[in-house]
Q: 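Got a structure here, written out as structure tokens. Questions coming.
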Amino acid sequence: MATLSLSCLALPSKLRNLSLTGPSSCSSSNQSSTFKSLGFSSNLSHNYLFSNGNLSMRTIERPSRHLSIVCEAAPTKKADSAAKRARQAEKRRIYNKSRKSEIKTRMKKVLEALDVLKKKTDAASEEIVPVEKLIAEAYSVIDKAVRVGTLHRNTGARRKSRLARRKKAVEIHHGWYTPAATVNAV
């Protein structure tokens, strides 16, 4: 059988010159320590894949007697885009987590203030002003979260509506607000 030599510049020095021979032994003592003599039968061939400095060898059943050798010298890769995406996602997750936490805190303060106001029996209508300031701050935080994409716009609207309904319930409870009678037009 004839000797086939393969030279890949991207490989380490031990693998630069790979000599594949028939049933006889390898000619170089260095190569005989690294690679054993390779023999080919009539229906077997070996695939050698050189990828990123790694050598993988597979035996493939084939009807023909030819040998397939694939040597891939991959170009230098840029930074892995998946790793960059993971870093960006982690930054956004932490940023969004703090925004959502702030929204929950503001809503909780408003709801607690409204509960305290509802439980008061002798509450005056002027006592709702500090609660309205808290509601305005909560609205602002919710709107910012929707604007930057932390919350979906429907979620933001639902949370603002929850605060407005609770405030209206307190006003109705104390008689500061009277809902208008609905008139059905025929």
Q: Run through Lys119, Lys120, Lys118 and flag the one making a salt bridge (Lys or Arg N to Asp or Glu O under 4.0 Å) with Glu127.
A: Lys120

Q: Considering only NZ, NE, NH1 and NH2 on the basic side and carboxylate oxygens on the acidic side, decide whether Lys168 and Glu171 come within less than 4.0 Å.
A: no

Q: Determine whether Val170 and Asp115 satisfy the following criterion, side-chain contact (heavy atoms from CB on, under 4.5 Å), listing intermediate values before the conclusion.
A: CA-CA 8 Å; Val170 170; Asp115 284 343; over 6 Å; no

Q: Quickly, which of Arg92, Arg93, Arg87 forms a side chain to side chain donor-acceptor pair (under 3.5 Å) with Glu90? Name it, please.
A: Arg93

Q: Check the pair Arg166, Leu111 against side-chain contact (heavy atoms from CB on, under 4.5 Å), reporting the backbone distance first and the verdict last.
A: CA-CA 8 Å; Arg166 192 70 68 90; Leu111 295 176; 3.8 Å; yes

Q: Quick one, Asn96 with Leu151, criterion side-chain contact (heavy atoms from CB on, under 4.5 Å). Give me CA distance, side-chain angles, the key distance, then yes/no.
A: CA-CA 9 Å; Asn96 290 342; Leu151 288 182; over 6 Å; no

Q: Kindly state each residue pair satisfying salt bridge (charged side-chain N to carboxylate O under 4.0 Å, His left out) with at least one member in residues 135-151, sequence neighbours excluded.
A: Arg106-Glu137, Asp143-Lys160

Q: Find the distance between CG (Leu114) and CG (Leu163) and round it off to the nearest 0.5 Å.
A: 8.0 Å

Q: Out of the candidates Val146, Val141, Ile142, only one should pair with Arg159 under the side chain to side chain contact (heavy atoms under 4.5 Å, CB included) rule; please name it.
A: Ile142

Q: Could you state the interatomic distance from CD1 (Ile135) to CD1 (Ile128), rounded to the nearest 0.5 Å?
A: 6.5 Å

Q: Let me know which of Glu102, Lys109, Lys108 forms a side chain to side chain contact (heavy atoms under 4.5 Å, CB included) with Thr105.
A: Lys109

Q: If every non-hydrogen atom of Ile172 is compared with every non-hydrogen atom of Pro179, which pair is closest and at what distance?
A: CD1-CG, 4.0 Å

Q: Given 3.5 Å as the limit, does a donor-acceptor pair link the side chain of His174 with the main chain of Trp176, or not?
A: no

